[in-house]
Amino acid sequence: MQEIVQTLISGEATGTDIAALRLPESYRGVVVRKEDVALFEGMASADKDPRKSLRVEEVPVPELGPGEALVAVMASSVNYNTVWSSIFEPLPTFGFLERYGRTSALAARHDLPYHVLGSDLAGVVLRTGPGVNAWKPGDEVVAHCLSVELESADGHDDTMLDPAQRIWGFETNFGGLAEIALVKSNQLMPKPAHLTWEEAAAPGLVNSTAYRQLVSRNGAGMKQGDNVLIWGASGGLGSYATQLALAGGANPVCVVSSPRKAEICRGMGAEAVIDRSAEDYRFWSDEHTQNPREWKRFGARIRELTGGEDPDIVFEHPGRETFGASVYVTRKGGTIVTCASTSGFTHEFDNRYLWMNLKRIVGTHFANYREAWEANRLIAKGKIHPTLSKTYRLEDTGQAAYDVHRNLHQGKVGVLALAPEEGLGVRDHELRARHREAIDRFRAPGAEPAATP
């Protein structure tokens with residue numbers, strides 16, 4: 001493995017050199033183990049600690065199959081599906097692996113007593129399997145997390161509708177929080193040349209998800225001039241939604257939970273910002289009862305910021321805590337577009353405000369291959385920027401997941417895998433210099449720059 005690292009960071013190796021590297025028999029990966037699924041039994045979700053379930057272990061390098069690639073992972077990042085996996089909610093992921101393993105002899109590789117997690121990566125192709133023509137050893141890549149078979153007609157208009165669609169590193173094994181990852185070759189996309197490894201690894205899942213949810217015709221179909229209410233607007237998902245709204249000529253109304261997060265949203269260019277902690281919105285009177293008066297107070301505050309207009313689109317991902325308010329404040333004929341549900345999967349709302357006002361609820365989930373490619377293209381062109389705030393070592397992934405679970409982070413948190421330090425991997429220094437302020441926006445004040453000049 002050390003030989004691989006030295007070759008990759010030298011900057012002088014050719015594709016032929018990398019193809020000639022010996023693959024190790026094993027690599028380090030961040031795993032949960034089947035034997036631990038009862039670890040948090042009886043505990044409330046908020047009390048479950050990812051640091052107790054996530055382990056860094058040596059695991060065998062998987063067999064490479066047709067249409068697949070082995071990638072040396074330079075950096076990855078933590079998404080909320082890593083948190084769910086680590087606390088075994090809503091179900092332990094081993095059920096996904098078992099069902100996948102039953103589909104074919106090749107898929108049986110994934111059904112193991114450990115699960116290597118992670119749905120993002122930036123790295124270098126080491127090997128490709130039979131039938132792979134678009135990628136070769138030495139290519140610098142990022143990966144989107146859509147794993148799909150496309151044997152059914154259902155997926156050929158929108159790959160997310162394929163009945164065999166899965167999320168890599170969550171519903172499949174050998175994910176990106178590791179030194180080596182196994183992916184389908186059609187998950188690969190070019191690494192944005194002006195970004196470091198850790199920056200390039202940050203946008204994948206959340207940027208693609210936000211793109212489909214907000215911009216795509218499969219989501220809200222945002223247009224110029226739309227008022228877009230964005231929950232958690234400085235978080236891992238919301239920070240990309242905010243940028244996409246601004247880039248598309250919409251007016252984001254950013255909901256955040258601290259003055260620092262409000263400052264970040266204004267730094268991105270948003271003018272309408274609501275600090276919900278300072279204004280103390282309480283959408284639930286108790287565990288079972290919502291408070292419509294708070295919905296009305298919240299709606300009035302939005303109209304103050306928009307010149308009297310209600311949101312055309314509500315970008316929903318907190319779920320249970322906010323969904324009733326989201327349905328209420330959406331304009332007549334508007335759209336609530338939802339994914340994730342980080343505060344709870346059981347949504348409650350007053351249907352009168354939906355049905356009598358012709359509003360729509362649209363569910364979205366990650367992105368199809370084309371949407372992921374378009375989202376990555378915006379990153380590569382410097383139109384949308386990574387929102388990396390902090391980077392951890394692979395050994396500290398448990399702490400990174402803990403921070404995301406407790407909402408102690410902003411933007412995205414990255415994880416170094418084979419990259420020995422931050423700041424490596426930049427190829428286009430001119431483009432980087434033009435966007436340096438935006439690239440560094442989410443880092444804590446006074447933090448050292450992530451990349452070398």
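These numbers come from the heavy atoms of this one structure, side chains and all, not from hydrogens, waters or symmetry mates. Owing to the predicted nature of the structure, the values given are computational and were not obtained by experimental measurement.
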Item to complete: Could you give me the CA-CA distance, side-chain angles and deciding distance for R260 and E263, then say whether salt bridge (charged side-chain N to carboxylate O under 4.0 Å, His left out) is met?
Response: CA-CA 5 Å; R260 166 64 180 151; E263 178 187 342; 3.8 Å; yes
Item to complete: Kindly indicate, with the supporting measurements, whether the criterion side-chain hydrogen bond (donor to acceptor under 3.5 Å, both in side chains) is fulfilled by E316 and T322.
Response: CA-CA 8 Å; E316 247 290 344; T322 59; 2.6 Å; yes
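Legend: salt bridge (Lys or Arg N to Asp or Glu O under 4.0 Å) pairs involving residues 338-349, not counting sequence neighbours, sorted by first then second residue: R320-E348. Listed by first and then second residue, the side chain to side chain donor-acceptor pair (under 3.5 Å) pairs involving residues 242-255 are N227-N251 (not counting sequence neighbours). Sorted by first and then second residue, the salt bridge (Lys or Arg N to Asp or Glu O under 4.0 Å) pairs with a member in residues 385-395 read R28-E395, R393-D396; sequence neighbours excluded.
In this model, a donor atom of one side chain and an acceptor atom of the other lie less than 3.5 Å apart for K412 and S77. Using modelled atom types, one finds a donor on one side chain and an acceptor on the other under 3.5 Å when comparing R360 with T335. In this structure, a donor-acceptor pair under 3.5 Å is present between the side chains of S341 and H347. With 3.5 Å as the limit, one finds no donor-acceptor pair spanning the side chains of E198 and T391.
One finds the OG atom of S239 at 11.0 Å from the NZ atom of K261 (value rounded to the nearest 0.5 Å). Note: L91 CG to W84 CH2 = 12.0 Å, rounded to the nearest 0.5 Å.
Evaluation of the ring-ring contact (aromatic ring centres under 6.0 Å, His included) rule for Y369 yields H144 as partners, not counting sequence neighbours. In this structure, K383 has no salt bridge (Lys or Arg N to Asp or Glu O under 4.0 Å) partners at least two apart in sequence or on a different chain. Partners of E89 under the salt bridge (Lys or Arg N to Asp or Glu O under 4.0 Å) rule, at least two apart in sequence or in another chain, are K48.
Remark: R51 qualifies as a cation-pi partner of Y402 under the 6.0 Å distance and 45° angle criteria applied to the six-membered ring.
A salt bridge is absent between D36 and R33; no separation between the charged side-chain nitrogens and carboxylate oxygens falls under 4.0 Å.
Two residues are said to be in side-chain contact when any heavy atoms from C-beta on lie closer than 4.5 Å; L177 and L54 fail this criterion. Here the side chains of P50 and F40 are not in contact, with every heavy-atom distance at 4.5 Å or above. Counting heavy atoms from C-beta outward, V228 and M222 have side chains that approach closer than 4.5 Å. The shortest side-chain heavy-atom distance between K136 and T128 does not fall under the 4.5 Å cut-off.
Checked against the 6.0 Å centroid threshold, Y328 and F298 do not count as a close aromatic pair.
Within 6.0 Å of NZ on K381 lie no more than 12 heavy atoms contributed by other residues, nucleotides or ligands. Counting non-hydrogen atoms of other residues, nucleotides and ligands closer than 6.0 Å to CZ of R427 gives a total above 12.
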